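Some notes on the structure that comes next.
Only this structure's heavy atoms are used, side chains among them; waters, hydrogens and symmetry mates stay out. Everything quoted here is computed from the prediction, not taken from an experiment. Along the sequence shown, residues carry numbers from 1.
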Amino acid sequence: MLKELDALVKSYITEAGAQKKQTLESILEIADAERHIYGMVFGGSQRASLRVLADACKKKKCRDIIRPFVIAGVDKLLAISDDKARKTACMLIGLCAPDECADRLAGALREEETRFVRPSIILALGNTSDPAQYLVGYAVEPGEAKHVREEQDALKKALSKAEKPQKAGRLNLPAWCTLTTV
């Protein structure tokens with residue numbers, strides 16, 4: 001059973017579209033799959049297992065199963081040496097336990113040197129109940145235009161969650177009026 005799960009996880013990262021969705025469903029049908037995949041995160045197929053977990057945690061049931069593991073292992077997840085895997089780990093933290101791990105995510109954002117990982121950390125902080133608390137003073141460093149734009153977009157998206165929704169304005173018109181046009 002575990003060999004089958006390992007094979008499915010490894011194939012998942014190379015698939016696309018409907019096949020990828022079907023593979024994820026097959027993975028989640030295996031009993032206790034989420035826990036086994038989390039165990040694979042610190043093994044050989046790090047990127048694939050993190051991607052499977054991040055995609056699976058878009059469902060509440062999976063988030064609830066993985067949350068305790070993410071909270072307990074947040075320091076290990078943020079210390080992953082592979083940049084792409086660390087980016088996905090930040091996404092996973094933001095999906096499963098953003099409020100519980102917010103201080104560690106904020107610290108990781110200050111220390112992160114890899115530019116393409118920062119937007120994932122920013123978006124993870126954007127999932128907290130008060131993103132402005134962690135992001136309001138954040139300044140995007142100058143650099144390659146692509147990375148600067150991605151960071152700015154992530155920051156804008158994350159902070160937009162903190163804004164209060166605007167109330168619809170009310171237009172007071174007289175009982176009747178004459179509308180003219182040129």
Side-chain angles (χ1 to χ4, degrees), residues 12-18 20-21 24-25 28 34 37-38 41 46-169:
Y12 180 80
I13 200 164
T14 61
E15 296 171 344
K20 191 172 202 165
K21 185 177 180 180
L24 183 60
E25 289 173 6
L28 295 178
E34 297 90 347
I37 295 170
Y38 187 80
V41 166
Q46 209 170 44
R47 286 186 190 177
S49 56
L50 282 166
R51 173 56 33 206
V52 168
L53 287 174
D55 290 347
C57 284
K58 292 177 182 172
K59 298 179 181 182
K60 185 179 179 352
K61 177 187 171 199
C62 293
R63 279 195 307 268
D64 292 341
I65 293 169
I66 295 298
R67 178 178 286 119
F69 297 111
V70 169
I71 293 169
V74 67
D75 292 326
K76 287 175 70 176
L77 288 169
L78 292 172
I80 291 173
S81 60
D82 180 7
D83 298 334
K84 290 181 181 179
R86 190 169 60 253
K87 177 181 178 175
T88 309
C90 292
M91 292 163 58
L92 178 65
I93 294 166
L95 286 168
C96 291
D99 287 314
E100 296 88 342
C101 302
D103 292 330
R104 290 193 178 92
L105 283 167
L109 182 59
R110 285 189 297 274
E111 297 170 9
E112 184 60 56
E113 294 178 10
T114 307
R115 293 298 298 260
F116 71 85
V117 176
R118 291 180 192 169
S120 294
I121 300 172
I122 292 169
L123 291 172
L125 286 167
N127 287 339
T128 62
S129 57
D130 186 16
Q133 175 185 351
Y134 303 101
L135 296 172
V136 86
Y138 182 74
V140 177
E141 297 173 5
E144 190 177 332
K146 174 186 173 187
H147 295 301
V148 169
R149 185 177 57 254
E150 287 175 355
E151 257 183 89
Q152 288 171 337
D153 291 346
L155 190 60
K156 183 178 177 181
K157 184 176 180 179
L159 288 174
S160 70
K161 294 178 183 179
E163 296 175 2
K164 294 179 182 175
Q166 295 181 354
K167 294 180 181 177

Run Thr114 and Arg86 through side-chain contact (heavy atoms from CB on, under 4.5 Å) and show every step you take.
CA-CA 10 Å; Thr114 307; Arg86 190 169 60 253; 3.4 Å; yes

Go through it in stages, so that I can follow the logic: the residues are Glu100 and Arg67, the test is side-chain contact (heavy atoms from CB on, under 4.5 Å), and I'd like the CA-CA distance, side-chain angles, deciding distance and then a yes or no.
CA-CA 9 Å; Glu100 296 88 342; Arg67 178 178 286 119; 3.9 Å; yes

Kindly indicate, with the supporting measurements, whether the criterion side-chain contact (heavy atoms from CB on, under 4.5 Å) is fulfilled by Arg104 and Asp75.
CA-CA 8 Å; Arg104 290 193 178 92; Asp75 292 326; 2.9 Å; yes

Applying side-chain contact (heavy atoms from CB on, under 4.5 Å) to Glu141 and His147, what does each step give before you reach the verdict?
CA-CA 10 Å; Glu141 297 173 5; His147 295 301; over 6 Å; no

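Looking only at side-chain heavy atoms (C-beta outward), Asn127 and Ile93 stay at 4.5 Å or farther from each other. Between Leu78 and Val74, some side-chain heavy-atom pair lies under the 4.5 Å cut-off. Side-chain contact between Ile13 and Val52: absent, with no pair of heavy atoms (C-beta onward) separated by less than 4.5 Å. Contact annotation: the side chain of Arg115 approaches that of Glu151 to within less than 4.5 Å [non-hydrogen atoms, C-beta and beyond]. The shortest side-chain heavy-atom distance between Pro131 and Thr128 falls under the 4.5 Å cut-off. Pro98 has its side chain out of reach of Leu125: every pair of non-hydrogen atoms, C-beta onward, lies at least 4.5 Å apart. Counting heavy atoms from C-beta outward, Tyr134 and Leu105 have side chains that stay 4.5 Å or more apart. Taking the side chain as every heavy atom from C-beta outward, Asp64 and Lys60 approach each other to under 4.5 Å.
Note that CG of Leu159 is 4.5 Å distant from CG of Leu155, once rounded to the nearest 0.5 Å. The CZ atom of Phe116 lies 11.5 Å from the CD atom of Glu144; values are rounded to the nearest 0.5 Å. The line from CD1 of Ile37 to CZ of Arg51 is 13.0 Å long, rounded to the nearest 0.5 Å. Atom CG of Leu50 and atom CD1 of Ile80 lie 5.0 Å apart (nearest 0.5 Å). Atom-to-atom distance recorded for Arg47:CZ and Asp83:CG is 8.5 Å, nearest 0.5 angstrom. Atom CZ of residue Phe69 and atom CG of residue Leu53 lie 10.0 Å apart, to the nearest 0.5 angstrom.
Between Leu77 and Val41, the shortest heavy-atom contact is CD2-CG1, 3.9 Å. Closest approach of Ala158 to Gly126, counting heavy atoms only: CB-CA, 3.6 Å. The shortest heavy-atom contact between Ile121 and Cys90 is CG1-SG, 3.4 Å. Here the closest heavy-atom approach between residue Ala54 and residue Leu95 is recorded as O-CD1, 3.2 Å. Closest non-hydrogen pair, Leu24 versus Ala56, comes out as CD1-CB, 4.1 Å.
Heavy atoms from other residues, nucleotides or ligands lying under 6.0 Å from CD of Glu113 number 12 at most.
With a 6.0 Å cutoff to the six-membered ring centre and a 45° limit on the axis angle, Lys20 counts as a cation-pi contact of Tyr12.
Side chain of Arg63 to main chain of Cys96: no donor-acceptor pair is present (N/O by atom type, distance under 3.5 Å, no hydrogens or angles). With hydrogens and angles ignored, the 3.5 Å screen pairs a side-chain donor or acceptor of Asp99 with a backbone N or O of Ser129. Using modelled atom types, one side-chain atom of Arg118 and one backbone atom of Glu112 make a donor-acceptor pair closer than 3.5 Å. Here the side chain of Thr88 pairs a donor or acceptor atom with the backbone of Lys84 at under 3.5 angstrom.
A salt bridge does not link Arg149 to Asp153: none of the charged nitrogens lies less than 4.0 Å from a carboxylate oxygen.
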